[in-house]
Amino acid sequence: MTATFADRLGDAVNPIVVKELRQAVKGKFVSVMLSILLLIQLAAISIYVLTVDPSREDFRAGRDMFMILHGMMLGIALLFVPAYSAIRFAAERADTNVDLLFITTLRPVSIIFGKTFCALVISALIFSACLPFITFTYFLRGIDLPSIFVVLVMDFLVVIGFSLLAILTASLPTNRILKVFVGLVVLVQLPFVFGWTIAGSYGLISAGIGSRLDTSEFWFGVAAAAAVYIPLVGLLFVISVVFITPLSANRALALRGFVTAMWLLTGAGMAAISLNQKHVAPIMIWVVFHSFLFSLGFIVAVCEREHLGRRVTRTIPKSLLPRAPLFPLFSGSAASLLWSGLLFSMTIGVALLFERGIKGLSGGNEWIAERMSGFGLTILCYALTGLWVRRFILRNRLKPHLTWVPTIILIGFGSVITLFLIFLFYQRIDNVGWLLGNPFIFFAERRELRSHIFFHYSFLLLWLILGVILNGRWLAGQVLAFKPHQPENANA
C-alpha cells in the first residue's frame, strides 16, 4: 500500500514538535494560563473603559490602555513560556531519563529545534489570544495599528530569545545544583528584560513608529537590530545543540561554522549600512561585539579537550591539502585558539580599514581598533597563563575544562588587586601606565591611552611571546596529532 501525502507529511514532521505540542494541548498548564490571561485582560479593559473617559482631550486613552494590556501579556509570556520549556527539558535531561537522549536516533539539532518550535507556538497562542483586546485600544484613540503590530513583533522576538536562553540553561552538561544556580541567575535577568522591553515599546509608541514604515531610516534600523538579534539567538540555539551533542563527536564544527558565517554576513550588512550612512558607528558596533565574543573565545579555547577521539579522527581528511584549512573547525584547544585568533585579527583589521582606510566617514576618532585589540590581547595572555598554571603549577590536577578557574582568578588579580595595591601605596591613580595587565585600561580616555599605548602594547607582546613559549610543546603536540585515524592492523 502506497503512503498518502498526509502520511508522508506526518513522517516528515519533527517528532519532538509533535510530542511537545500534543502534551501542551492535552495538559492543563497552557489552557489554564490562557484562561487566566484572558480574564485578566477582559477585567482590565472593562475597568479602564468604565472609569476613564476615552474622549478626553489629550487622546492618550488608547496608548495608556495598550501599555497596560501589553505589560500583562509580555510579563506572563516572559515568565511562563521560558519556564515551561526549560523545566520540561531539564526533567528530560535528569539522571533518571538521560539515557533516552543517547539511544534516540534524533539528531541534537532536531531536539533543540523541537523545543524551540514548541516555545514559539505557545508564544503565538498567547499573543493571538491577547490580540483582540490589544487591537481594541486603537478605537480608544492615541495609537495606530501599525505601531501596535511593530511592538508586538518586537515582544514576540524578545520572548523567543529569552526562551532559547532558558533552553540553553536546561541543556547545560552540569549537575542539578549548578544548573539550578544558573537558572536563578537567568531568572534574575527577567525584570531587566521586561523593563527594557516596556521602555522600548513606550518609546516606539510615543515616536509614532507606525508612521515611519515607508522610510529608509526605519528599515536600516530593522536591519541593524536583525544583525544583532539573529546572531545572538542563533548562537544560543547552536550552543544548546553543542551541549547535548556527545563528547565523542566534533562538537566544535557546528558552533564555529555558524559563528564564522554570521561574522561574514553581519559584517557585510553593517559595512553596507556604514557606507550608506557615511558613519562608522554601525560597523564599530559589529567590531566591539565580535571583539568581545572572540576574546571570550580565548578563555573557552583553553578549556577544550586536548586529545581527539576516534569518532573525530575518522573524519579528518587523509590528504594534507584539505586537512590544513579544516584544523580550526575541529575540536581541541589549539584549534580553538587558532580560530578565535584568526577571526579576532580580521575583526580588528576591519576596524582599522573603516577608521583609517576609508575616507569620508564621520565618527572614526574613538580608537576602537586600538582599544579592542589591547583588550583581546590581554585576555589571550591571561588565557595562556592560566593554561600554563594548570599544566605546570597544578600538575594537571585540575581537569582541562576547568582551566577557566585559574584564568579568571588571574584576570581578577590583574584587574582589581593590582589596582587596589597601587591606590594603597600611591593614594591616587593618575597614570594609566602603572595599570599593566588590566584589560579594561584600554577603555580609558583617549588622551591618556594615546600617551601610554606603545608601552602597554610592548608589555603585551612580550607577555604573549612568553606564553607561547611556555605552552609551545603543548600547542605543537596538538597540531602534529591532527591526523586521520590509523587502524591498528594498517601496517600488518
Side-chain angles (χ1 to χ4, degrees), residues 174 178 181-182 185 188 288-306 333-334 336-338 340-341 344-345 348 367 370-445 448-475:
T174 58
L178 185 58
F181 174 77
V182 176
V185 173
V188 170
V288 171
F289 172 78
H290 284 89
S291 297
F292 277 116
L293 178 64
F294 298 131
S295 298
L296 179 63
F298 293 138
I299 301 178
V300 176
V302 296
C303 298
E304 289 199 26
R305 67 171 77 176
E306 299 181 355
S333 295
S336 184
L337 281 172
L338 178 60
S340 299
F344 179 82
S345 301
I348 299 301
W367 283 40
E370 287 79 0
R371 295 176 188 275
M372 300 314 303
S373 60
F375 177 83
L377 281 175
T378 308
I379 299 299
L380 174 59
C381 292
Y382 276 117
L384 292 175
T385 306
L387 176 64
W388 178 78
V389 168
R390 178 184 66 80
R391 295 176 56 246
F392 289 94
I393 304 300
L394 301 180
R395 301 289 183 180
N396 284 322
R397 286 191 289 268
L398 195 67
K399 294 183 178 180
H401 70 274
L402 296 176
T403 310
W404 62 270
V405 175
T407 303
I408 296 298
I409 292 175
L410 290 171
I411 293 176
F413 181 83
S415 303
V416 180
I417 304 301
T418 306
L419 189 67
F420 172 76
L421 293 176
I422 293 175
F423 182 79
L424 180 66
F425 287 104
Y426 290 92
Q427 301 302 318
R428 62 178 183 175
I429 304 173
D430 55 358
N431 190 342
V432 298
W434 289 99
L435 301 179
L436 290 174
N438 190 329
F440 304 101
I441 196 58
F442 292 94
F443 302 106
E445 294 184 5
E448 296 181 1
L449 181 63
R450 183 181 301 173
S451 60
H452 297 90
I453 190 72
F454 179 78
F455 182 55
H456 280 278
Y457 269 104
S458 300
F459 172 76
L460 289 177
L461 182 60
L462 292 175
W463 188 4
L464 179 61
I465 293 173
L466 180 62
V468 172
I469 292 175
L470 292 176
N471 298 285
R473 177 178 294 183
W474 175 85
L475 293 169

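Computed from a predicted model, the values in this text were never measured in an experiment.
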- line: Tightest non-hydrogen contact, residues Leu470 and Arg391, listed as O-NH1, 3.9 Å

statement: For Glu304 and Ser333 the tightest heavy-atom approach is O-OG, 2.9 Å

message: Within this structure, what is the CG-CH2 distance for the pair Leu398 and Trp404, rounded to the nearest 0.5 Å?
response: 9.5 Å

field: Glu370 backbone acceptor or donor facing Ser373 side chain under 3.5 Å
entry: yes

query: Which heavy atom in Leu460 sits nearest to a heavy atom in Cys381, and how many Å separate them?
result: O-SG, 3.7 Å

- request: Can you label the angle between the Phe344 ring and the Phe298 ring as parallel, tilted or perpendicular, going by 30° and 60°?
  value: perpendicular

query: Is there a side-chain contact between Leu461 and Leu377, using heavy atoms and a 4.5 Å cut-off?
result: no

statement: Heavy-atom closest pair (Trp474 atom, Ala334 atom, distance to 0.1 Å) is CH2-N, 4.4 Å

field: Asn471 CG to Leu387 CG distance, which is reported to the nearest 0.5 Å
entry: 4.5 Å

query: CH2 of Trp388 to CG of Leu394: how many Å apart, nearest 0.5 Å?
result: 10.0 Å

Straight-line distance of Leu410 CG to Ile379 CD1, nearest 0.5 Å: 11.0 Å

message: Side chains of Tyr382 and Thr378, heavy atoms from C-beta outward: is any pair under 4.5 Å?
response: yes

message: In the structure I gave you, are the side-chain heavy atoms of Ile411 and Ile299 within less than 4.5 Å of one another anywhere?
response: yes

task: Give me the one residue out of Tyr457, Trp463, Phe455 that meets side-chain contact (heavy atoms from CB on, under 4.5 Å) with Phe459.
output: Trp463

task: Look only at the side chain of Thr403 and the backbone of Val302, and say whether a donor-acceptor pair between them is shorter than 3.5 Å.
output: yes

- prompt: What closest approach, in Å, do Ser295 and Gly376 show between heavy atoms, and which atom pair accounts for it?
  reply: OG-CA, 3.3 Å

query: Where do Arg390 and Lys399 come nearest, in terms of heavy atoms and distance?
result: CD-O, 3.8 Å

message: Can you confirm whether Leu337 sits close enough to Leu384 that some side-chain heavy atom of one is under 4.5 Å from a side-chain heavy atom of the other?
response: yes

message: Could you check whether any side-chain heavy atom of Val185 comes within less than 4.5 Å of a side-chain heavy atom of Phe181, counting everything from C-beta outward?
response: yes

